[in-house]
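Following: one structure in structure tokens, then a few remarks.
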2 protein chains.
Amino acid sequence: MRAMSPPVGLPVLAESDLVRQVARRLTDAIVQGRLPPGAKVAEAAVARELGISRAPVREAARLLESQGLLRASPRRGFFVRELSAQEVDELYALRLCVERHAAVEAARRLTPAVREALRRQLDLMRDLARRDDPAAIVEADYQFHRLICEAAGNARMLRLFDGLASELRIVIGLIGRLYDDPQEIARTHEPVLAAIEAGHPERIVAHVDHHLGVARREVGRLVQSLTPTARQTRETP
Amino acid sequence: MRAMSPPVGLPVLAESDLVRQVARRLTDAIVQGRLPPGAKVAEAAVARELGISRAPVREAARLLESQGLLRASPRRGFFVRELSAQEVDELYALRLCVERHAAVEAARRLTPAVREALRRQLDLMRDLARRDDPAAIVEADYQFHRLICEAAGNARMLRLFDGLASELRIVIGLIGRLYDDPQEIARTHEPVLAAIEAGHPERIVAHVDHHLGVARREVGRLVQSLTPTARQTRETP
DNA sequence: CAAGCTGAAAGTGTCGACAATCGACGCCCA
DNA sequence: TGGGCGTCGATTGTCGACACTTTCAGCTTG
């Protein structure tokens with residue numbers, strides 16, 4: 001009988017939600033590149049490895065499928081999604097739509113706390129660039145953009161951004177280093193933040209367009225080079 | 001080496017994917033308003049009604065959850081998502097981002113076939129408005145916007161639009177008639193199509209903004225009136 | 001008479017099992 | 001020798017079962 005004792009601290013022991021945990025682990029494995037595009041995600045193997053049954057694994061896989069991280073092939077199982085150069089380009093087009101609006105909106109309701117957070121994030125990126133830690137830089141880059149989306153005050157938009165970012169990470173996780181010059185990442189973010197602080201919508205849009213345009217071309221080029229003519233693993237669409 | 005016999009017709013027999021079918025039925029029930037916001041979706045009941053086991057129902061429910069149609073409450077089950085006025089507003093803000101870009105892009109690559117399809121859709125809406133069939137008008141309205149997104153040539157964007165539209169239909173299905181004057185719907189679409197045909201980006205954005213702005217305010221007002229102070233069914237977040 | 005407690009019923013979270021299907025290996029035959 | 005075909009193992013799709021939790025109606029109690 002759960003008396004639900006006084007609302008003291010709550011260690012919150014692992015709640016029974018196995019599905020979330022499995023989804024999380026699979027997501028991590030994908031964005032970290034441990035599960036490369038095209039890799040098969042066998043239910044039984046995952047279940048064995050985690051010491052659980054197949055049911056939660058299947059449900060988690062469905063979740064990731066509708067998030068675009070996995071692809072379900074009936075009677076054949078789940079595979080890590082393979083992104084063509086065109087699909088990557090489409091994702092960047094969507095990011096552009098979203099982040100333009102987010103940046104303008106973030107500027108409109110900019111608070112000192114948010115401005116400070118953005119500046120700190122930019123400092124962090126500069127610092128990481130000096131130390132040349134590619135994985136951490138990608139993460140910090142993502143966080144900077146996420147902060148802007150968060151500051152726009154639209155929860156649904158933030159969820160969308162997270163989804164788009166996850167999908168892009170399928171390929172970004174593969175690319176060792178995004179830019180030849182790590183320092184350049186921080187530099188290309190500076191005008192975006194400056195424009196947001198200045199609060200001129202046209203300039204914000206222009207700088208977001210330019211920044212994402214650079215990333216779009218850069219990633220597009222790298223993805224193109226990753227897929228010379230065809231991939232290694234083939235299956236029917 | 002697959003000789004892949006001569007490319008004769010393609011019967012494409014129906015796949016046995018129960019999960020998709022269940023997801024489809026639940027989606028239909030929700031957007032048609034047969035499952036109102038806050039309604040409980042009991043796995044066992046659905047499984048019994050469809051004559052199948054609970055496993056496919058659970059997986060379908062997960063799918064709809066990540067699409068925003070259902071909300072999962074651990075140990076309590078799935079419920080049809082309830083949208084606050086603010087959430088509806090956020091969805092419209094996202095639609096604005098997406099459809100602005102889609103309309104401009106659709107204009108850039110407008111083909112005679114697409115132009116013809118858009119005109120026919122507009123005619124259909126005018127026709128339905130004269131007959132005063134609210135449900136059909138909402139459907140035709142949705143199709144018009146979808147055609148524009150499709151014409152933009154970005155598959156990922158189309159998927160996003162479908163998702164946003166589904167979520168909005170949770171509430172739109174509740175509202176008997178969206179506009180006092182049905183004829184007005186067709187009229188507010190005309191300048192959008194005209195701007196796309198003319199191909200001036202600024203005018204396209206302006207008209208899309210105006211059209212969606214009207215819908216946003218209208219739906220927002222109706223949603224507000226649907227939720228006077230609190231809802232009937234309450235549960236912990 | 002209202003509020004809290006108690007027990008049972010219903011429902012969820014997870015598991016193991018079974019049939020159907022897919023892919024691959026090896027065999028047979030031209 | 002090379003290609004088509006049957007068989008076998010492995011995996012998926014689905015099911016029924018069980019333990020635990022939540023819910024609710026009825027009873028007890030202040």
Side-chain angles (χ1 to χ4, degrees), chain A residues 1-6 10-26 35 38-66 70-80 231-237, chain B residues 1-6 11-26 35 38-66 70-80 232-237:
Chain A
M1 199 60 54
R2 324 225 9 230
M4 191 48 88
S5 53
L10 37 159
V12 179
L13 62 112
E15 58 196 75
S16 62
D17 213 344
L18 277 187
V19 176
R20 311 264 176 210
Q21 290 177 247
V22 176
R24 179 109 189 216
R25 295 217 187 189
L26 285 177
L35 278 174
K40 180 169 171 56
V41 178
E43 305 169 7
V46 174
R48 264 197 308 273
E49 189 170 331
L50 298 179
I52 60 178
S53 81
R54 278 171 48 216
V57 177
R58 277 182 70 86
E59 292 182 34
R62 290 278 175 208
L63 248 153
L64 298 193
E65 181 203 359
S66 79
L70 294 182
R71 187 173 49 80
S73 188
R75 292 279 172 201
R76 304 217 14 220
F78 292 92
F79 300 84
V80 178
R231 298 206 73 83
Q232 55 280 22
T233 37
R234 278 291 82 182
E235 340 74 21
T236 73
Chain B
M1 206 60 55
R2 326 244 347 244
M4 190 52 88
S5 56
V12 179
L13 60 109
E15 56 204 79
S16 69
D17 212 338
L18 274 188
V19 176
R20 311 264 177 210
Q21 290 178 247
V22 176
R24 180 108 187 218
R25 296 217 186 189
L26 285 178
L35 279 174
K40 180 169 172 54
V41 178
E43 306 169 7
V46 174
R48 265 196 308 272
E49 187 169 332
L50 297 179
I52 60 179
S53 82
R54 280 171 46 217
V57 176
R58 278 182 69 86
E59 292 182 33
R62 291 278 176 208
L63 247 153
L64 298 193
E65 181 204 359
S66 78
L70 294 183
R71 188 172 49 79
S73 188
R75 291 278 173 201
R76 304 213 18 217
F78 292 92
F79 300 82
V80 178
Q232 56 280 23
T233 38
R234 280 291 83 183
E235 339 74 22
T236 73

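Everything numeric in this text was worked out from a predicted model, so none of it was measured. Residue numbers begin at 1 in each chain, while the letters A, B, ... track the order of the sequences.
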Show me the donor-acceptor pairs, under 3.5 Å and distance only, between side chains in residues 40-52 of chain B and residues at least two apart or in other chains.
residue: B:Lys40; atom: NZ; partner: B:Arg76; partner atom: O; Å: 2.7
residue: B:Glu43; atom: OE1; partner: B:Arg54; partner atom: NE; Å: 3.0
residue: B:Glu43; atom: OE1; partner: B:Arg54; partner atom: NH2; Å: 3.1
residue: B:Glu43; atom: OE2; partner: B:Arg58; partner atom: NH1; Å: 2.7

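Near DNA chain C, meaning a heavy atom under 4.0 Å away, the residues from residues 48-62 of chain B are B:Arg54, B:Arg58.
Annotation: the span from B:Phe78 atom CZ to B:Leu26 atom CG amounts to 10.5 Å, rounded to 0.5 Å. Rounding to the nearest 0.5 angstrom, the gap separating the CZ atom in A:Arg75 from the CG atom in B:Asp17 is 9.0 Å.
Pairing each heavy atom of B:Ser73 with each of B:Phe79, the nearest pair is CB-CE1, 3.8 Å.
Put simply, CG on B:Asp17 is 14 Å from C1' on C:dA20, counting in whole angstrom units. Here the P atom of nucleotide D:dT11 and the CZ atom of A:Arg75 are 15 Å apart, to the nearest Å. What separates CG of A:Leu18 from C1' of C:dG16 is a distance of 15 Å, to the nearest Å.
For the salt bridge (charged side-chain N to carboxylate O under 4.0 Å, His left out) test, no residue two or more places apart in sequence or in another chain qualifies with A:Arg25.
Between A:Arg62 and A:Glu59, no side-chain nitrogen of the basic residue sits less than 4.0 Å from a carboxylate oxygen of the acidic one, so the salt-bridge criterion is not met.
A close approach under 4.0 Å does occur between a side-chain nitrogen or oxygen of B:Arg76 and OP1 or OP2 of D:dT23. Residue B:Lys40 places none of its side-chain N or O atoms closer than 4.0 Å to OP1 or OP2 of D:dT22.
Among the protein residues, A:Ala42 comes within range of the sugar-phosphate backbone only, with heavy atoms under 4.0 Å from sugar or phosphate atoms but none that close to a base.
Set against D:dT21, D:dT12, D:dT14, the side chain of A:Glu43 has D:dT12 as its closest nucleotide.
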